[in-house]
Every structure is written in structure tokens, then in C-alpha cells.
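Structure first, then comments.
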Protein chains: 2
Amino acid sequence: MVTRSGRTQQARQVRQAARKDPPHLTPELIHSTALAMVDADGIEGLSMRKLAAALGVNPMSLYHHVPNKAALLLGISQLAVADLRITPADDDTPWPEQLRQIGHSFRALAHQHSNLIVYLLGHPGFIQREGPLWGALCHTLWRAGLPDAEVGRIGNVLLTFVSGFVLAEINGSLGDLLDSADAAEIDRSFEAGVDILVAGLGARGASPAN
Amino acid sequence: MVTRSGRTQQARQVRQAARKDPPHLTPELIHSTALAMVDADGIEGLSMRKLAAALGVNPMSLYHHVPNKAALLLGISQLAVADLRITPADDDTPWPEQLRQIGHSFRALAHQHSNLIVYLLGHPGFIQREGPLWGALCHTLWRAGLPDAEVGRIGNVLLTFVSGFVLAEINGSLGDLLDSADAAEIDRSFEAGVDILVAGLGARGASPAN
DNA sequence: ACCTGAACACCGTTCAAGT
DNA sequence: ACCTGAACACCGTTCAAGT
């Protein structure tokens with residue numbers, strides 16, 4: 001909801017900026033505009049000066065609302081993960097299927113803000129303990145029957161594993177290694193990866209039932 | 001051997017630079033000095049101007065031996081992977097053990113040039129088909145009895161999976177998610193991850209024998 | 001052939017001055 | 001309180017001029 005109003009506000013005020021009508025600067029407006037720039041032109045395409053220009057404002061005005069560029073990047077990453085609505089764990093479905101769904105949700109989010117994700121995975125603090133993704137993952141692993149001590153450890157491993165796949169997929173490494181940049185083949189590879197993880201978990205002591 | 005002579009040459013000539021004795025510029029000297037800078041200060045710590053200063057030379061002189069910074073980064077990444085000596089596959093050891101060894105070799109390499117790895121994984125073209133790592137990996141998967149069509153696909157998946165783990169480990173994400181930044185716990189996590197992959201491969205049709 | 005100084009088009013950020 | 005212009009310390013890169 002906060003995000004939603006922020007977006008419509010942005011649209012209005014960016015229009016104002018276009019007609020040289022100085023907008024009310026707001027951290028939220030700054031962050032959402034910056035995120036739009038990163039989505040469009042990549043992380044390299046974002047600079048304080050270009051952002052100010054897009055907002056129709058003096059570059060230095062930004063520093064009254066955002067302490068520095070690092071804080072700006074942190075802000076837009078929080079805005080991006082706020083877009084993530086993980087499908088709440090439906091405990092009627094067996095855990096392997098739950099795990100697959102979480103994997104696909106994560107991959108879908110990454111594709112949504114692919115330019116940002118490449119940056120985030122290269123820097124610490126992206127995957128937070130508090131996020132809905134982490135909670136859903138741990139819940140599913142616990143439901144699979146993993147001992148408590150293993151839930152956190154295995155959760156981390158799974159998260160970093162699929163992060164690596166998604167990163168390689170987005171930056172093109174995966175396409176380079178496969179003969180073709182065939183999207184279907186990449187999907188098949190991801191499916192194979194998830195299969196291996198689920199099967200490996202089963203072999204590790206997870207209960208095969210629900 | 002080429003690398004070796006380059007390193008000693010570097011040492012001598014960097015010493016010359018320190019006493020303002022202009023060295024003979026060489027692509028090799030430039031690359032190895034740049035790699036040393038990245039290893040020491042991170043990718044942000046490398047600039048054409050600082051590199052020139054370290055070499056005791058005018059910044060513009062570099063452009064007679066290296067077309068631009070992108071080419072420089074490509075050069076130092078090739079230099080880094082040249083350091084990787086993957087233990088040649090000993091076909092007496094069973095494939096799960098072979099796979100574990102490859103995983104540990106890759107992780108060790110990443111730790112050796114951790115600052116560079118963070119950059120490389122974020123950009124395409126790092127993991128090449130030609131590298132010894134890829135060859136060893138495919139050989140092992142083939143020996144495990146995977147159908148030919150699956151070897152490449154699964155090889156990619158495994159490589160991106162452990163890349164993701166190593167990346168999170170190096171940039172500190174992994175330590176943040178675990179309660180402690182305990183090194184032993186991270187090692188245990190990696191072992192758990194490799195276990196899951198090996199078990200998953202077994203379940204997928206790999207022969208349990210050698 | 002190799003090196004260099006000046007210059008250009010960019011950065012992030014500080015600070016004193018304006019309203 | 002908010003905005004701004006000038007300035008500082010950096011970038012990568014081009015180009016004409018030196019040897």
C-alpha cells in the first residue's frame with residue numbers, strides 16, 4: 001500500500017519534472033525513481049547526478065533526503081524485496097512441492113529486478129532473516145522433518161545455491177556455457193537443479209510423506 | 001612458468017618504481033600488478049590512475065599496452081584462473097569423492113582471489129568451457145553414469161550452485177545469516193551442500209558404484 | 001615505438017550561500 | 001527547512017605533442 005501510493009505519486013511528479021515543474025522531493029520518490037532507473041539501465045546507469053536530472057532537480061538537493069549513494073542503494077533494494085509476495089505455505093501440499101514453489105518465487109522475483117539482483121548478490125545483507133522468503137523456507141524444511149540444528153544450515157545452502165543459478169542465468173554466464181541461449185533449456189536446467197536438491201534432501205533424512 | 005617469471009619480474013620492477021626508476025611496461029607486468037592491487041584492496045581499489053601510480057608511470061602510458069579497463073579486468077581474470085591447478089581426475093576414486101574434490105578445489109581458488117571472484121561472478125564469461133574445471137566436472141558426471149544429454153546441463157547446475165555458495169561466503173552474506181561468523185560452521189554448511197548434491201545425483205540415476 | 005601533459009566528460013560529496 | 005552553485009578530489013579516455 002505504501003509502495004502503491006508511492007508509485008502513483010512518482011508517476012505524477014515525474015510528469016511534473018518533465019515540464020520543468022520542480023517536484024516535492026521525498027525519500028520515497030527518490031528511491032522509486034532510482035529503482036526505475038536501475039531496472040531500465042542497470043546499476044551502472046544510476047548516478048546521483050542522473051537521478052537528479054530525471055527528477056528535474058539539482059544534484060545536491062538529493063542529499064537533503066538521502067545521506068549518500070550507499071544508503072540510496074540500500075533503500076531501493078528494500079523497495080524491491082517489498083514487491084516480493086511469497087505464496088504463503090499451504091500445508092496441504094507436500095514439502096517437496098512447497099520447496100519447488102519457493103524456488104520458483106525467488107527466481108521470478110530475481111527476473112523482475114534483474115539488474116538490481118546482480119548488484120545485490122555481490123554485496124552482503126541482501127538475504128535477510130526477516131524476509132518472508134526465509135521464513136517460508138525454514139518452515140518447509142522443518143515440515144520435511146529436518147532436525148532443528150539442520151534447518152538453518154540447509155536453508156542457507158539452498159538459498160545460496162539457487163542464488164548462484166539465478167545470478168548466472170541473469171548475467172548471461174549460463175547462456176554462454178550452454179550451446180544455445182535457449183530459454184526452455186535454461187528452464188529445464190533449473191528444474192533439474194531443484195530435482196537434485198529435493199532428492200538430496202530426501203536422502204538426507206527428510207520424510208518422503210507430506 | 002610464464003606466470004612465475006612474470007611475478008618475479010613484477011617484484012623487481014615494482015621495486016624500481018618505488019625508487020622512481022621507470023620500468024619497462026609490459027602487458028604481463030600490468031596485469032599482474034593489477035591483480036595484486038585487486039587482491040589487496042578489492043575491485044574498487046583498482047583504477048587506471050592508481051595502477052599507473054603503483055607502476056611509477058604516467059596513467060596514459062598504460063593505454064599503449066592495454067586497450068581499456070575492461071580488457072585489463074579480463075586479463076587479470078585469465079591470470080587468476082591460470083593459477084588454478086585442478087587435481088587431475090584419479091579414476092580409481094569413486095565419482096562422489098571426485099565430485100567433492102572438484103568442489104573443494106573451486107572453493108579454494110575462490111578464496112585465493114576472493115575480491116576478484118566477487119566481480120567475476122557478477123559478470124558473464126568467467127566460467128569457460130575450456131577451463132580444466134569444466135572438463136574435470138563433465139568427466140566425473142559422465143563417469144557417474146549420467147546420460148550424455150544431462151552431463152552439460154547438470155554440470156552447469158552444479159557449477160552455478162557452488163558459485164552461489166562461495167559468493168555468499170566471500171561477501172559475508174552467509175556469515176550474516178548464520179548466528180555466528182564461525183568458520184567451522186561455514187565449512188560444515190558447505191559439506192552439507194555437497195552431500196545434498198551427491199545424494200541428489202545418486203537419486204537421479206547415477207550409478208552408486210565407482 | 002613508446003611516453004607524456006593537457007583536456008574532456010563524467011563521478012560522489014562538502015560547504016557556504018541563498019530563499 | 002529546503003534548495004543551489006561553486007568547488008574538491010576523484011574517475012576513464014582521447015589526442016596532439018614530444019623523444
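Protein chains get the first letters and strands the later ones, always in sequence-line order, with residue 1 at the start of each. Hydrogens, waters and symmetry mates are skipped; everything else that's a heavy atom, side chains included, is used.
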Item to complete: Represent DNA chain D in dot-bracket notation, 5' to 3'. Only Watson-Crick or G-U wobble pairs with both distances under 3.5 Å count; pseudoknot-style crossings use [ ] and interstrand partners use |.
Response: ||.|||||...|||||.||
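Contact of the B:Leu158 side chain with the B:Leu141 side chain is registered, since non-hydrogen atoms from C-beta on lie closer than 4.5 Å. Using a 4.5 Å heavy-atom cutoff, the side chains of B:Val157 and A:Phe161 are not in contact. Between A:Arg153 and A:Glu150, some side-chain heavy-atom pair lies under the 4.5 Å cut-off.
Under 4.0 Å is where a charged nitrogen must lie from a carboxylate oxygen, and between B:Arg188 and B:Glu191 no such pair does.
One finds no side-chain N or O of A:His65 lying less than 4.0 angstrom from the OP1 or OP2 phosphate oxygen of D:dC2. OP1 or OP2 of D:dT4 has at least one side-chain nitrogen or oxygen of A:Ser61 nearer than 4.0 Å.
The distance from atom CG of B:Leu29 to atom C1' of C:dC2 is 15 Å, rounded to the nearest whole Å. Atom CG of B:Asn58 is separated from atom P of D:dG18 by 16 Å (rounded to the nearest Å).
Atom CG of residue B:Leu29 and atom NE2 of residue B:His65 lie 9.5 Å apart, to the nearest 0.5 angstrom. Rounded to the nearest 0.5 angstrom, B:Thr160 OG1 and A:Phe190 CZ are separated by 9.5 Å.
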For residues 34-44 of chain B, which side-chain N or O atoms pair as donor and acceptor with protein atoms under 3.5 Å away, sequence neighbours left out?
| residue | atom | partner | partner atom | Å |
| --- | --- | --- | --- | --- |
| B:Asp39 | OD1 | B:His113 | ND1 | 3.1 |
| B:Asp39 | OD2 | B:His113 | ND1 | 3.0 |

Item to complete: For nucleotides 11-17 of chain D, just jot down a letter per nucleotide in 5' to 3' order: B, S or -, based on protein non-hydrogen atoms under 4.0 Å.
Response: BBBB---
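Of the residues listed (A:Val194, A:Val198, A:Leu197), the one engaging A:Pro96 in a side-chain contact (heavy atoms from CB on, under 4.5 Å) is A:Val198, and it is the only one.
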